[in-house]
**Q** 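Please find one structure pasted underneath; my questions will follow.
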Amino acid sequence: MRTHGASGSRSTLIALASTVVFALVVVLVVSNSPGWPEVQRQFFNGEFFRESLRVIPKAFLLNVRIFLIAEVFILVFALFIAILRSLPGPVFFPLRALAIVYTDFFRGVPTILVIYLLGFGAPALQISGIPRDELFWGVVALVLVYSAYVSEVYRAGIESVHPSQEAAARSLGLSQAKTLRYVIVPQAVRRVVPPLLNDFIGLQKDTALVALLGPVEAFRQSQIEVASNFNYTPYLVTAILFVLLTIPLARLTDWLVIRDRRRQLALGAAR
Amino acid sequence: MSAETVLAIEGLQKSFDVEVLKGISLTLEPSEVVCLIGASGSGKSTLLRCVNLLEPIQAGRIEFLGEEITAPGVDVDHVRRRIGIVFQAFNLFPHMSVLKNITLGLTKVLKTPQAQADQEAADLLARFGLADKRSEYPDRLSGGQQQRVAIVRALAMRPELMLLDEVTSALDPELVAEVLDVIRGLATSGMTMLIATHEMSFARDIANRVCFLHDGVILEEGPPAEIFSAPTNERTQQFLQRIIEAGRL
């Protein structure tokens with residue numbers, strides 16, 4: 001909702017003032033704590049900060065790559081699972097059951113375990129033809145875990161589309177599949193974009209777990225830096241990088257929601 | 001046009017948890033307009049949904065242009081595209097423009113090329129006074145306009161039978177006329193229609209035949225003049241009496 005000029009700028013002022021006061025209080029409390037000088041030396045060292053900035057962002061690119069690749073597969077695979085689970089009728093019971101078992105399992109097992117099991121287990125099988133690369137299995141693990149979450153998001157979206165939409169589409173002679181593709185799924189996806197992106201923010205952070213298999217991404221790189229300098233500042237740098245990565249996604253979520261609302265309100269005449 | 005019976009329903013029974021239709025038999029000849037009247041819950045909507053195969057039936061049979069469409073193994077999509085249905089709540093696709101709403105069936109079911117589908121849809125919209133709405137999204141339209149678009153969407157598939165399910169019940173009173181006018185136009189053009197309606201004076205004007213449904217059974221059936229002026233069944237009399245008392249006839 002738009003607020004009107006005067007009251008709008010007034011509430012902005014209040015928000016600004018309260019933020020500044022709050023930040024000041026936090027800074028004062030922290031910087032006056034007995035251990036602060038030591039913590040400052042260990043975590044906020046300017047020299048190590050600059051040094052980390054030279055190495056960690058490069059490693060962070062690997063996190064971005066893992067994230068982007070996993071995201072594409074999750075979007076497709078999770079939709080597939082969600083559709084399996086939405087199939088009506090007794091004939092499709094086995095497929096529905098399979099989808100349920102899948103989501104239950106991968107939502108239940110801690111991500112870190114899936115990464116370990118796949119990352120160390122799958123290559124150990126030594127089946128010819130399947131990749132032995134840890135990075136590959138790390139991505140697979142993330143895709144499997146996050147697809148379970150995202151498929152539930154999709155499913156909520158699919159179920160939120162009123163049955164009358166399906167009736168309308170089927171009455172035109174559209175098949176079940178075409179009804180899903182052109183009528184149900186587009187509406188479902190639109191509705192779930194914000195929770196979907198929320199899951200992706202979780203995924204961005206969990207790319208750090210792939211480090212456990214060996215690949216040197218940002219977290220692993222910062223561990224190396226920490227170990228060689230006996231200073232924790234590299235962790236801070238990594239944390240900042242992760243936050244910087246999530247901010248665009250959070251704003252994109254907001255923007256999509258606003259755009260969708262505006263599109264619905266906009267005069268179609270412009271089109 | 002052949003003079004083949006368009007729709008023949010025989011002993012149709014449908015139950016959800018309770019029995020909703022208890023043996024309905026009804027036929028529609030080409031260009032015939034039949035109105036179903038009766039209280040809410042009498043089974044009018046269910047009957048229409050059964051004819052469009054949106055609901056499986058428990059007993060009886062439905063023939064459409066000589067083909068038994070309730071037989072096992074019938075291609076339901078093929079049947080549905082030849083029978084148009086318009087719903088009480090319009091059921092337009094909110095994520096599509098008016099034009100897209102109409103061309104979806106043409107392009108994805110009838111495989112009409114997009115350009116030709118657009119042209120056909122535009123022509124139909126113009127015919128129903130909606131030419132300037134082609135790029136609008138449904139939520140920008142009034143209820144009456146939405147319902148007219150829904151009718152156009154069904155018509156675009158060139159159906160051989162139209163089912164109208166209380167198409168004016170969700171409309172503000174001042175918007176009812178524009179939709180009824182469209183339906184009158186369809187009747188004049190010779191469209192075969194099965195109409196569930198609460199608009200009694202409309203039914204009296206437009207119908208060749210009126211069926212009074214009560215509790216899942218057609219209790220009385222005949223020309224509107226007979227049904228509305230001299231109903232013989234006691235329940236029909238009571239129903240019409242209540243309508244008259246409500247000032248709706």
Side-chain angles (χ1 to χ4, degrees), chain A residues 1 79 82-83 86-93 153-154 156-194 196 256-271, chain B residues 45 48-49 51-56 75-111 132-141 149-150 153-159 161-163 165 170:
Chain A
M1 288 298 113
L79 184 59
I83 288 171
S86 316
L87 291 176
V91 187
F92 293 115
F93 176 75
V153 172
Y154 275 133
I158 287 172
E159 282 175 5
S160 78
V161 178
H162 197 270
S164 65
Q165 286 288 309
E166 188 180 350
R170 297 305 303 270
S171 79
L172 291 172
L174 266 77
S175 63
Q176 181 86 43
K178 284 178 178 170
T179 299
L180 266 174
R181 177 165 167 207
Y182 297 109
V183 177
I184 309 293
V185 170
Q187 293 186 58
V189 169
R190 249 159 256 225
R191 285 176 204 189
V192 299
V193 164
L196 207 67
L256 284 174
V257 170
I258 293 167
R259 189 195 63 166
D260 215 42
R261 190 184 304 153
R262 199 181 296 148
R263 181 183 283 172
Q264 278 173 14
L265 293 176
L267 279 166
R271 222 164 278 265
Chain B
S45 294
L48 295 185
R49 292 176 64 90
V51 172
N52 205 27
L53 305 182
L54 288 171
E55 301 287 350
D75 180 355
V76 292
D77 295 330
H78 185 74
V79 172
R80 288 198 188 112
R81 74 186 186 205
R82 299 164 68 199
I83 301 179
I85 185 165
V86 183
F87 303 91
Q88 180 175 345
F90 328 137
N91 301 6
L92 293 178
F93 307 129
H95 61 301
M96 294 181 188
S97 68
V98 163
L99 197 74
K100 274 271 172 207
N101 260 279
I102 298 163
T103 56
L104 181 70
L106 288 173
T107 55
K108 306 301 178 209
V109 179
L110 298 181
K111 309 284 178 204
D132 56 330
K133 305 295 181 202
R134 54 182 283 169
S135 309
E136 297 277 16
Y137 279 76
D139 60 358
R140 297 283 303 168
L141 304 179
V149 171
R153 181 174 69 178
L155 279 181
M157 302 297 287
R158 286 181 230 96
L161 169 67
M162 283 281 274
L163 309 170
D165 186 6

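So that the names make sense, note that chain A is the first sequence line, chain B the second, and so on, each numbered from 1. Since we're looking at a predicted model, the values are computed, not measured.
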**Q** Sort B:Phe87 into side chain, backbone, both or neither according to what part of it lies under 4.5 angstrom from a heavy atom of chain A.
**A**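 Just the side chain, heavy atoms under 4.5 Å.
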
**Q** At a heavy-atom distance under 4.5 Å, which candidate from B:Val86, B:Leu92, B:Val79, B:Ile85 has the highest pair count against chain A?
**A** B:Leu92

**Q** Under a 4.5 Å cut-off applied to non-hydrogen side-chain atoms, are B:Phe90 and B:Leu141 in contact?
**A** no

**Q** If you look at every heavy atom in B:Asp165 and B:Ser45, which pair is closest and at what distance?
**A** OD1-OG, 2.7 Å

**Q** Please identify, among A:Arg181, A:His162, A:Gln187, the residue contributing the most non-hydrogen atom pairs under 4.5 Å to chain B.
**A** A:Gln187

**Q** Within a strict 4.5 Å, meaning less than it, do heavy atoms of the B:Arg153 and B:Val98 side chains meet?
**A** no

**Q** Of all of B:Leu163, B:Leu110, B:Leu104, which one pairs up most often with chain A through heavy atoms under 4.5 Å apart?
**A** B:Leu104

**Q** Using a 4.5 Å cut-off on heavy atoms from C-beta on, say whether the side chain of B:Pro138 contacts that of B:Val149.
**A**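 Not touching, per the 4.5 Å side-chain cut-off.
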
**Q** At what distance, to the nearest 0.5 angstrom, does OG of B:Ser135 lie from NZ of B:Lys100?
**A** 12.0 Å

**Q** Given heavy-atom pairs under 4.5 angstrom as the criterion, report whether the side chain, backbone, both or neither of B:Leu106 touches chain A.
**A** neither

**Q** In terms of heavy-atom pairs under 4.5 Å, which option from B:Met96, B:Lys108, B:Met157, B:Arg81 contacts chain A the most?
**A** B:Lys108

